[in-house]
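All ligand and atom numbering here is 1-based and tracks the order in the structure. These figures come from a predicted structure and were not determined experimentally.
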Amino acid sequence: MLLATRGLGKRYARGRVAVDALQDVGVDIEEGAFVTVTGPSGSGKTTLLLTLAGLLRPSAGEIHFRGEPVQELSDAAWAAFRRKHLGFVMQNFSLVPYLTALENVMLPMTLAGTPSAEREPRARVLLDRVELGDRMEHLPRELSAGQQQRVAIARALANNPALILADEPTGNLDPALADDVLALLKKLNEEDGTAILMVTHSPRAAEVGTARIHLEAGRIVSGNGTA
Ligand SMILES: Nc1ncnc2c1ncn2[C@@H]1O[C@H](COP(=O)(O)OP(=O)(O)OP(=O)(O)O)[C@@H](O)[C@H]1O
Ligand SMILES: [Mg+2]
């Protein structure tokens, strides 16, 4: 098993209001799986993704990566873990605005300490794979929304992650561009065996995956991530 949780809970405390955003969540994500997460607004989808990435600390439960417990890692160890094993694709692309497509894709390699001579050739290969070989020197604002999201996907692949965490990656795209991005994710999942956990509002997008998780009010109501 690539990533598993048991009894995962997350409580946000805001003054006197406590929100149980996740309760008793158990997921199993196999190596190479493509798991989609659906649920109404506020059901805890983003909270689940951020907790699995160590960007939020769980209030209860366990997270295991390849059999090893990771929830007690220090912040620094989590950061190193994310650089090594995880890639992120978000709804708003979150590219660095003053870096070119090529530089955006090289950035995670720099942070991970990839030797400088390897960074640019690898970034070029990744941008070719997302069919942006002719846009490498463009800034994000000089690219269409669909192209920006493809740069973000190339960037997510920079350190050859075991798992890509995607939060509404097609949420800001027109239907045709959304289909392109979904097809690209599917292709990368199948060709590289990179596991994907994708949050989506779209029932159509949810069908791209090989397994599904449905959340309501912080609890899993169907699926656990295995097919
Ligand atoms: N930082 C926070 N502090 C307090 N409460 C929060 C915080 N972030 C989220 N919540 C609450 O936790 C619950 C789950 O939020 P979350 O963002 O995970 O939902 P979601 O399923 O991603 O929704 P959406 O589809 O709208 O993105 C919501 O009730 C929300 O109000
Ligand atoms: Mg969300």
Side-chain angles (χ1 to χ4, degrees), residues 3-29 33-65 70-71 73 75 78-79 81-82 86-95 145-146 148-149 152-153 155-156 161 163-175 177-179 181-182 184-185 189 195-226:
L3 189 65
T5 71
R6 291 295 175 266
L8 194 66
K10 176 64 190 177
R11 168 172 285 201
Y12 293 112
R14 276 284 166 277
R16 275 184 284 159
V17 183
V19 177
D20 283 305
L22 295 176
Q23 284 183 274
D24 196 23
V25 168
V27 303
D28 286 299
I29 301 165
F34 191 155
V35 180
T36 57
V37 182
T38 52
S41 184
S43 59
K45 303 181 300 296
T46 296
T47 301
L48 175 61
L49 210 98
L50 295 177
T51 306
L52 293 177
L55 292 165
L56 283 176
R57 294 281 175 171
S59 318
E62 295 176 7
I63 308 172
H64 290 253
F65 184 83
V70 291
Q71 74 271 15
L73 295 180
D75 288 349
W78 260 116
F81 174 86
R82 277 192 294 276
L86 303 182
F88 294 88
V89 181
M90 299 298 157
Q91 183 170 358
N92 58 5
F93 323 136
S94 54
L95 298 171
Q148 288 182 56
Q149 193 59 305
I153 291 170
R155 183 188 55 186
L163 176 66
I164 289 180
L165 297 170
D167 197 352
E168 299 274 4
T170 60
N172 280 341
L173 301 177
D174 295 340
L177 290 178
D179 283 350
V181 163
L182 289 174
L184 175 63
L185 289 171
N189 170 251
I196 298 176
L197 185 75
M198 179 177 79
V199 168
T200 180
H201 269 107
S202 149
R204 251 161 59 81
E207 281 173 15
V208 174
T210 53
R212 297 172 69 155
I213 292 170
H214 189 73
L215 286 171
E216 279 180 21
R219 289 181 180 274
I220 291 187
V221 293
S222 72
N224 74 340
T226 49

Specify whether the nearest protein heavy atom to atom 31 (O) of ligand 1 is under 4.0 angstrom away. no
Taking atom 26 (O) of ligand 1 as the reference point, the nearest protein heavy atom with its distance: S41 OG, 2.5 Å
Going by the order shown, which atoms of ligand 1 are within less than 4.0 Å of some heavy atom of S43? 19 (O), 21 (O)
Check for me whether G39 has a heavy atom closer than 4.0 Å to any atom of ligand 1. no
Looking only at distances, please establish whether an N/O atom of ligand 1 is found under 3.5 Å from an N/O atom of E168. no
Below 4.0 angstrom from a heavy atom of V19, which ligand 1 atoms are there? Numbered from 1 as shown, please. 11 (C), 12 (O), 29 (O)
Inspect the surroundings of CZ in R6 and state if more than 12 heavy atoms from other residues, nucleotides or ligands are less than 6.0 Å away. yes
Ignoring hydrogens and angles, tell me if any N or O in the side chain of K45 forms a donor-acceptor pair with the backbone of L215 under 3.5 Å. no
Determine yes or no for a side-chain-to-main-chain donor-acceptor pair under 3.5 angstrom, with Q23 supplying the side chain and G7 the backbone. no
Report yes or no: does T46 have an N/O/S atom closer than 2.8 Å to the Mg ion (ligand 2)? yes
Decide yes or no for R57 and Q71: does some side-chain heavy atom of the first lie under 4.5 Å from some side-chain heavy atom of the second? no
Between K45 and ligand 1, which residue portion shows a heavy-atom distance shorter than 4.0 Å: side chain, backbone, both, or neither? both
For T36 and G209, indicate whether the former's side chain and the latter's backbone hold a donor-acceptor pair under 3.5 Å. no
When distances are taken from atom 27 (O) of ligand 1, the protein heavy atom at minimum range is T46 OG1, 4.0 Å
Quick one: do the D167 and T46 side chains pair a donor with an acceptor below 3.5 Å? yes
Option from L3, N224, I220, V35 for which side chain to side chain contact (heavy atoms under 4.5 Å, CB included) with V27 holds: I220
Is it true that P40 lies under 4.0 Å from ligand 1, counting heavy atoms only? yes
Under 4.0 Å from atom 2 (C) of ligand 1, do we find at least one protein heavy atom? yes
Measure from the side-chain N and O atoms of T51 to the backbone N and O of P58, and report whether any donor-acceptor pair falls under 3.5 Å. no
Is it true that a side-chain atom of R219 and a backbone atom of D24 form a donor plus acceptor pair closer than 3.5 Å? no
Judged by atom type as modelled, is there a donor-acceptor pair below 3.5 Å linking the side chain of Q148 to the main-chain atoms of L95? no
Ligand 1 atoms nearer than 4.0 angstrom to some heavy atom of G44 are 14 (C), 18 (O), 19 (O), 20 (P), 21 (O)
Contact check: G42 vs ligand 1, nitrogen or oxygen atoms, below 3.5 angstrom: yes
Considering only non-hydrogen protein atoms, determine which one is nearest to atom 6 (C) of ligand 1 and report residue, atom name and distance to 0.1 Å. Y12 CD1, 3.2 Å
Can you tell me which residue and heavy atom of the protein come closest to atom 16 (P) of ligand 1, and the distance to 0.1 Å? T47 OG1, 3.6 Å
With heavy-atom distances below 4.0 Å as the criterion, list the atoms of ligand 1 near H201. 25 (O)
